[in-house]
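Below is one structure, written out as structure tokens; the observations come after it.
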Amino acid sequence: MRFAFLSIALLTTLGCGQPTRAQGLVDGFMRGQRKASLAVTYSQETYETYYVNTTETRNPNLGTVTTQAVNLYGTYGLGYDLDLIISAPYIRTEASAGYWQKQEGFQDLTAALRWEAYDYKLGNARLSWLFALGYSLPIQNYVSDALVTIGHGSRNLDGRTMLHLKAGGFFLTGQFGYIRRGQVTLDRVVNYYDPSQLNPNSGSTVNVPDVTDAVLRGGFATRHFYVDGWIQKQTPYSKGTDIGPGIPFPTNAIGFTRAGATLYLPIVKKFGLTGGYSTTLSGQNIGKATRLSGGIIIGI
Amino acid sequence: MKTYLSFLVLSLLLLLAGCKEPVIDEGIEPFTEPATTDPDGGNWRPVVLKSAADISVPQPAAVTSNAYQAELASVKNGLLGVNPEQNTAVTYWAAGGVLRWNQIARQLVAKYNAVPENDGITASSPITDPYAARIFALLSVAQYDALLVTWRAKYQYNRPSLIRQDVITRVPIADVPSYPSEDAAIAEASYQLLAYLFPDEANWLKTKATEHKQSRVWAGANVPSDLKAGEDLATAVAAKVITRAKTDGFGSALNTNWETLLAKAPYDVTWKSLEIPARPPMAPLSSQVKTWFDSAAVARSQPGLPPATTSAEFQKALTEVREIANARTREQWRIADFWADGAGTYTPLGHWNRLAEDLVRQARQNELRTARTYALMNRAMQDGVVVGWLTKYRYFVPRPSQIDPAIKTATVIPNSPGYPSSHATISAAAATVLSYVFPDEATNLNAQAAEAAISGLYGGVHYRFDTEAGTKSGTTVGQIAIDWAKTDGVK
């Protein structure tokens, strides 16, 4: 029983323009050889407060920040144990107060390979061990160093491993990943105060901190519906900055704990609807956002 | 096969996680000897002192004396035992004492350039243009005058440089007489000025100054008595510069009684703070600060009243801002971002100090010339700020978004009246002075100043007439500085 419910793989921005891969790019369900699916989803995400380091802050000159995204997400089974996943979001983000210009455009193109390396039979249940490797790069040269932005503009390498257990309709997936984020060249020279920098006024290339990413997801996937609940924890791995005046946004150390749920209903044979909700439980240099999403999924 | 592949994927993950990256990448500057030594430097015209002879420097022990020979031997022996930490200090300061202290000042400006807290009451004055302009000018003037005294004493006593005494220095050094040490003079003058301006940083600055001085012994460039003489003369110079700072009228610039000025403003619509909650403007009375150059001439560079908001001319200017804001290109964003230099940064003043740094390095200016370049530019920029603030708080011209709230900006809207553009004034003043010092760079500098000026229009925070008025008065102020420089005795 396989489902093409891949709405969960939305790419979007959260909080002070820091984009995050919501719930991870990949899940534990393999697509299957020479099968494909295409998902088109829309999501809307808002926050009024954001975390400066881990302290909640509200900026009246920003008001509520709303991010809308339309995401295209496709998977294709290159082999029975190997999938190709591609995603490209179009994002618009704006603040309700103050005079910040809204930002709009294509964010990052992501491609990933997912490989089901092992699978074991445990009575009626099946346990599989998967690996995934993804790469993403900005589609266009958007502004990454601003209060309201659609992404941080880095090229990223994402490696992760998953354990996926399925017993009847029930499933449980645990995954752990490491996202290597590359350097970004800002529009300006970096010159904020940092006591550890010998000469902080010397360039405009900065590093986007790497993160580790853990997702636990459980739910039911049956012929008639799919439902899951998940919790995701992203933690900054390399040194980063905190949101502050003059500090480049891409260098901020971003972390969060977020929880959500997804529902998928097949309507006709190869066509279904999906919806999702998520909220931020705690964060670091990111907006305390809630998100609603919905979309259609076509299996081919 | 599978095992190998999974092993490979896992190793790749670990490998990626294993290498940590720095948050900011920085380049390493090559070391060069200065292009000139300027033996006549002691006769150049100082700023605060009447002449370099105002401060007397005691005669040093003769090169043949036992005391000096003992010092020299100890420096030579010490070179063998320099540890890696000391070596780091040597190379750090060898990039240029004036340049390094200017960088330190930029760091401190960035550190204290914070926006007030959201409650709107906190009076933590952010370092905005008037503050930064004064900091950079006072620092450069102290460095310059101290180096004039240093140069005069160097060629008066002619204690040969250590490279002429068979010392193999760790870094290239200027072939100028070693007594008194120019580095000690720079370190002490800079430390004293910055500690006066940033009292909370005094201890940290003292550590830096001590390291700077010692680094020249570790480098084999100076003996301790060279340092002592430099330090003493700089203390005397710094005291005079601080006396000027205490009487330059900056205290009254912090007076927040600006509403009386607002009531007198002749413009038809007057500025109001666009922040939520509204805040009083930044250092509104900075125009009362004493100028470095002829104050009457500086005041004459003030632009006149801009077209009234009801005029067709104004409406045309407003339409231009709106059209740019509605269809801002990525390049316009870049320019707006590049020159924004807002809260938390070293301000536009720091930006021009940084640009000057590149030119100084390229021209391989010695410490004295570097200090002159900075002192000229920073004084011109501060006077530019004075005339800019005089105009801003005379007319109180509103920002575009105040007239039309639909105008969205690429940068934070500065909490001050818009006319004239401070970026334009500062940049024109700096570019004019730097073009005089580095004539080959004039085209490039003027292009940069023009870009800095237009950045406010691209960002949506200025009308074109703000930038034009700023450029015009900044250029005039720069010219006043050049007139001064033409008679300062530098060839």
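In the text below, chain A, chain B and the rest are named by the order of the sequence lines, each starting its count at 1.
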Of the backbone (N, CA, C, O) and the side chain (C-beta and beyond), which part of [X] lies under 4.5 Å from a heavy atom of chain A, both, or neither?
X	result
R334(B)	both
I335(B)	neither
V412(B)	both

Closest-packed option against chain B by number of heavy-atom pairs under 4.5 Å, given N141(A), L186(A), D187(A), I247(A)
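Among N141(A), L186(A), D187(A), I247(A), the one with the most close pairs to chain B is D187(A).
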Testing D242(A), N53(A), N285(A), T241(A) for side chain to side chain donor-acceptor pair (under 3.5 Å) with N252(A), which one passes?
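Answer to the side chain to side chain donor-acceptor pair (under 3.5 Å) test with N252(A) among D242(A), N53(A), N285(A), T241(A): T241(A).
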Does H212(B) have its ring centroid less than 6.0 Å away from the ring centroid of Y92(B)?
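Ring centres of Y92(B) and H212(B) not closer than 6.0 Å.
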Ring centre gap for H423(B) and W339(B) strictly below 6.0 Å:
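When the ring centroids of H423(B) and W339(B) are compared, they turn out to be at least 6.0 Å apart.
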Q140(A) versus chain B, heavy atoms under 4.5 Å apart: side chain, backbone, both or neither?
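Interface part for Q140(A): neither.
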Taking all heavy atoms of S136(A) and all of D108(A), pick out the closest pair and write down the distance.
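For S136(A) and D108(A), the tightest heavy-atom pair comes out as CB-CB, 4.5 Å.
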Are R160(A) and Y178(A) in a cation-pi setup, meaning NZ or CZ lies under 6.0 angstrom from the ring centre and within 45 degrees of the ring axis?
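Judged by the rule, R160(A) and Y178(A) form no cation-pi pair.
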